[in-house]
Amino acid sequence: MANRVDPPLSKPRRIAPPLMGCALLAITLASTAQAQSAPPSHAKIELIADEAAASKTTTWVGLLFHLDPGWHIYWQNAGDSGTPPKVAWQLPAGYRAGAIRWPQPVRLGSGSVIDYGYENQVLLMALIERAANSAAAAAVSDAALPVGADVKYVVCREVCIPGKAHLTLSLPAAGGDPPAEASKWHALFQQTRAQLPKAAPVSWKVSATADKDHLILSVRGAPPIKSAMFFPLETAQIENSAPQAFASTEDGFRLMLQKSDQLVQPIPTLRGLIVLGPGKAFEIAAPVAR
Amino acid sequence: MKEKTKKWLASAIVAAMAVLVVLSVARAARVGDRAPDFTATDSNGKTQRLSDYQGKFVVLEWTNRGCPYTLKQYTSGNMQRLQHEWTSKGVVWLTVVSSAPGKQGYVTAPEENSYLKQVNATPTAVLLDPDGSLGHLYDAKTTPHMFIINPQGVLIYNGAIDDRPTTDVADVNGAKNYVSTALDEAMSGKPVSVATSRPYGCSVKYPN
């Protein structure tokens, strides 16, 4: 039977209310009706694990955000406004957490301010790895593996509310390799992994050119498609709100991207995702010819 | 004839729409270009024109008093400090409120004036831009979003207030303030080392 490694939804672990200092200041200074005596957080976060017990070498954990309808958090490139959530992991000596694996984001907002992020529910997962030949880690692996996460985030709808949370999880020792059985979250981890951006197909030849106002991204060696959308990995390179003109070419497609007002230096590489549809996001790094 | 007029009208409308589309995607305020001139009304009912300040450095600061990224700068007193420091060195500091009526940060002139007193803020003027036209002219994205115009009327900075994109008041100390750095450099005849950055903050609450 899978061990319970997470708190039930009705009783989330300690989730701090939005930064009280700011909330209080808002009450003091705001003359409009924005201030509320106990502002709701609009985001609940759980720290969850893929497996019911920590394996000897690697373990997937994740921050599961439950967002109120209409509210969002941000992708690693937040776009025009907002900032991505940040996590500081606390792990025993000999363990380290890898970077967050960001799922495919959606475009948010309207008009001249466009952001990239997530609505409803999103799992931000990271791989915890045990250093090989670590005596300290070996000692821990015989007992439970404690995982801590300090999370800072900003959740927005019309307005933005900063929040932070300290979350903990204790993974029972697996006592064996290969790892123990799945937790009740395994299906969600599987599903999220399947939807993560993937390396671009090997047949794709990706390149870019720049003119005064545009970056033109070109993919050759791709089967005919009808539309594509580019999500830049770096901030302030393209004008997020500008239309991305799509054109089919003989052996692929082209996207004309407007440069950001903040882009004044040439960039050697244009990095980001080319999204062809839900679950079809591809990581690209296009050298930019000058 | 009537048919011809109809056709002409239709093509004129299409052409006008095309112009609108082109305008809407034109880059608004690019560093190194002439800063777009504007006329706006401040919170004292006075008309403010950018061209009136030829010969001076002008800072534009987009603000929204309800936004946590803005509050970080005002709770810490940092924005007030910057306003005081630079206006006493002859810089014109124009704070801009582009929140639409009914949206977060919208203020009437008297509300803004009492707020300035309350938080001890001393910009040269606060421009009220409830229809968002000044915001769109500069393509202001966030609060805060900072612009600097040099005495020749050229935009020399477009971006963030500093290099710590957070809402934490504690991050003000130790941050590299891009506005002060750019003004210091420009005033001593040096090129601005960081002339653009991603502005960080809440979205400007433009009318729908």
Side-chain angles (χ1 to χ4, degrees), chain A residues 18-19 21-35 74 77-84 86 108-115 152-164 212-214 234-237 239-243 245 256 258-265, chain B residues 21 24-33 64-69 71-72 74-75 99 102-108 110-112 114-115 118-119 132 135-136 138-143 145 155 158-160 165-170 195-208:
Chain A
L19 289 175
C22 280
L24 287 175
L25 190 97
I27 292 164
T28 319
L29 298 185
S31 65
T32 51
Q34 304 298 335
Y74 296 93
N77 171 8
D80 285 333
S81 74
T83 40
K86 274 189 182 167
L108 299 160
S110 61
S112 64
V113 185
I114 293 293
D115 301 322
K152 287 184 180 176
Y153 61 95
V154 174
V155 59
C156 303
R157 191 167 73 174
E158 270 288 308
V159 303
C160 293
I161 301 177
K164 54 182 174 179
K212 185 164 172 280
D213 291 333
H214 301 93
E234 305 292 332
T235 60
Q237 290 187 338
E239 171 55 55
N240 300 305
S241 66
M256 187 138 156
Q258 193 186 321
K259 282 184 183 172
S260 159
D261 280 347
Q262 280 86 35
L263 185 67
V264 287
Q265 300 290 334
Chain B
V21 167
S24 70
V25 299
R27 296 175 77 184
R30 193 160 30 175
V31 163
D33 288 354
N64 170 352
R65 62 169 70 174
C67 163
Y69 297 93
L71 282 171
K72 168 190 172 185
Y74 278 91
T75 317
S99 294
K103 297 216 171 184
Q104 186 193 47
Y106 171 76
V107 282
T108 62
E111 282 168 355
E112 182 57 22
S114 71
Y115 178 79
Q118 199 181 341
V119 300
H136 286 307
Y138 278 76
D139 202 12
K141 301 281 193 187
T142 57
T143 53
H145 186 163
L155 191 72
N158 173 349
T166 70
T167 57
D168 285 356
V169 174
T196 62
S197 61
R198 177 204 180 231
Y200 72 87
C202 307
S203 58
V204 174
K205 310 305 178 197
Y206 287 118
N208 291 335

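Here is how names work: the chains are called A, B, and so on, in the same order as the sequence lines, proteins then strands, and each is numbered from 1. In this text, all values refer to a predicted model and were calculated from it rather than measured experimentally.
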Quick one: pull up CG in B:Asn208 and CD in A:Glu158 and give me the separation to the nearest 0.5 Å.
->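 B:Asn208 atom CG to A:Glu158 atom CD measures 6.5 Å (nearest 0.5 Å).
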Find the distance between SG (A:Cys160) and CG (B:Leu71) and round it off to the nearest 0.5 Å.
->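 CG of B:Leu71 is found 11.5 Å from SG of A:Cys160.
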Distance-only, no hydrogens or angles: does the B:Lys141 side chain make a donor-acceptor pair with backbone N or O of A:Ser112 under 3.5 Å?
->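 Yes: the side chain of B:Lys141 pairs with the backbone of A:Ser112.
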Is there a donor-acceptor contact under 3.5 Å from the side chain of B:Arg30 to the main chain of A:Gln262?
->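 No; judged by distance alone, with no hydrogens or angles, the pair does not exist.
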Taking all non-hydrogen atoms of both residues, which atom of [X] and which atom of [Y] are closest, and how far apart?
X        : Y        : value
B:Ala29  : A:Asp261 : N-OD2, 3.4 Å
A:Thr83  : B:Tyr69  : OG1-OH, 2.5 Å
B:Gly201 : A:Ser81  : O-CB, 3.4 Å

Heavy-atom distance under 4.5 Å to chain A: side chain of [X], backbone, both or neither?
X        : answer
B:Cys67  : neither
B:Thr143 : neither
B:Ser203 : both

Is it the side chain or the backbone of A:Cys156 that comes within 4.5 Å of chain B heavy atoms, both, or neither?
->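 No part of it gets close to chain B.
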A:Thr235 and B:Tyr200: side chain donor to acceptor below 3.5 Å =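 No donor-acceptor contact under 3.5 Å links the two side chains.
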For chain B, which of A:Gly82, A:Gly79, A:Ala236 has the most heavy-atom pairs under 4.5 Å?
->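 Most heavy-atom pairs within the cutoff with chain B belong to A:Gly82.
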Pairing of B:Asp168 and A:Lys152 as salt bridge, 4.0 angstrom limit |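 Yes, B:Asp168 and A:Lys152 are salt-bridged.
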For the candidates B:Thr166, B:Thr196, B:Asp33, B:Val31, which exhibits the highest count of non-hydrogen atom pairs separated by less than 4.5 Å from chain A?
->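 Counting heavy-atom pairs under 4.5 Å, the top option is B:Thr196.
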